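Each remark here refers to the structure printed beneath this line.
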Amino acid sequence: MSRSEFVIATAAILFAAFMLGWFANWLVHRLTRVSPADIGELERMAQTVHQAETARDEAISYLEEREGQLGAEIQSLDAEYRAAMSALQDARAENGRLRDYVERMQAGG
């Protein structure tokens, strides 16, 4: 192989490699290209996701606030229950004392 044949063969190989690379680049860009309609749909989906996240955050905030209110109500009702039970116990003791008093009065009189 002479020197000029070697140069021509090397040039042909380099040109073929260049063309193959250019074609691969074109093919990748052609397959991964996003159309304006797809971009619009992606924007709409992103807006929907943002709205859903906002609604979720508001719901979580509402639930936490409501949980706090219900916890306070439970504590208040528990205190009222304990007070009522204490008053009932006192009333029963008073009732027992009065019953004993009445029985003594009936037996003695």
Side-chain angles (χ1 to χ4, degrees):
M1 178 182 275
S2 69
R3 181 179 183 150
S4 60
E5 290 175 344
F6 179 73
V7 168
I8 291 173
T10 303
I13 290 172
L14 289 174
F15 182 73
F18 169 77
M19 291 304 293
L20 185 63
W22 179 83
F23 178 73
N25 183 35
W26 175 81
L27 187 63
V28 165
H29 283 292
R30 178 87 173 152
L31 293 176
T32 60
R33 183 175 30 176
V34 178
S35 69
D38 290 340
I39 290 174
E41 184 177 347
L42 288 173
E43 286 290 328
R44 185 181 53 76
M45 287 170 48
Q47 184 66 24
T48 303
V49 167
H50 178 68
Q51 290 172 352
E53 287 176 345
T54 303
R56 182 202 64 202
D57 292 343
E58 289 174 1
I60 288 172
S61 174
Y62 172 76
L63 287 175
E64 288 174 349
E65 179 182 332
R66 188 68 179 141
E67 184 179 8
Q69 290 172 350
L70 290 175
E73 272 186 57
I74 287 172
Q75 288 178 350
S76 173
L77 290 173
D78 188 46
E80 288 179 23
Y81 168 75
R82 290 181 190 282
M85 291 304 288
S86 176
L88 180 61
Q89 188 177 11
D90 292 345
R92 284 182 178 161
E94 180 69 22
N95 187 20
R97 285 192 302 271
L98 289 175
R99 183 173 286 147
D100 290 342
Y101 176 74
V102 168
E103 287 175 2
R104 280 183 288 160
M105 293 304 280
Q106 286 178 351

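For this chain, numbers begin at 1 and follow the sequence in order. It should be emphasised that the depicted structure is a prediction, and the values quoted were computed from it without experimental measurement.
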Does F15 form a side-chain contact (heavy atoms from CB on, under 4.5 Å) with M19? I'd like the steps, not just the answer. CA-CA 6 Å; F15 182 73; M19 291 304 293; 3.6 Å; yes
Please round to the nearest 0.5 Å and tell me the distance separating atom CG of N95 and atom CG of D90. 12.5 Å
Checking D78 now: which residues fulfil salt bridge (charged side-chain N to carboxylate O under 4.0 Å, His left out) with it, not counting sequence neighbours? R82
Side-chain contact, heavy-atom cut-off 4.5 Å: E73 with L70? yes
Spell out, yes or no, whether W22 and L14 are grouped together once hydrophobic residues are joined by side-chain heavy atoms under 4.5 Å, including indirect joins. no
Atom pair CD (E43) and OG1 (T48), whose distance is rounded to the nearest 0.5 Å: 11.0 Å
Does any N or O in the side chain of T10 come within less than 3.5 Å of the main-chain N or O of F6, such that one atom is a donor and the other an acceptor? yes
Enclosure of Q69 CD (heavy-atom neighbours >12, cutoff 6.0 Å): yes
Inspect the contact between R56 and E53 and indicate whether a charged nitrogen and a carboxylate oxygen are less than 4.0 angstrom apart. no
Just by distance, no angles: are the side chains of Q89 and R92 close enough, under 3.5 Å, to form a donor-acceptor pair? no
For the CG atom of L20 and the CG atom of L27, what is their distance to the nearest 0.5 Å? 10.5 Å
Judged by atom type as modelled, is there a donor-acceptor pair below 3.5 Å linking the side chain of T54 to the main-chain atoms of H50? yes
Is the number of heavy atoms from other residues, nucleotides or ligands under 6.0 Å of E67 CD greater than 12? no
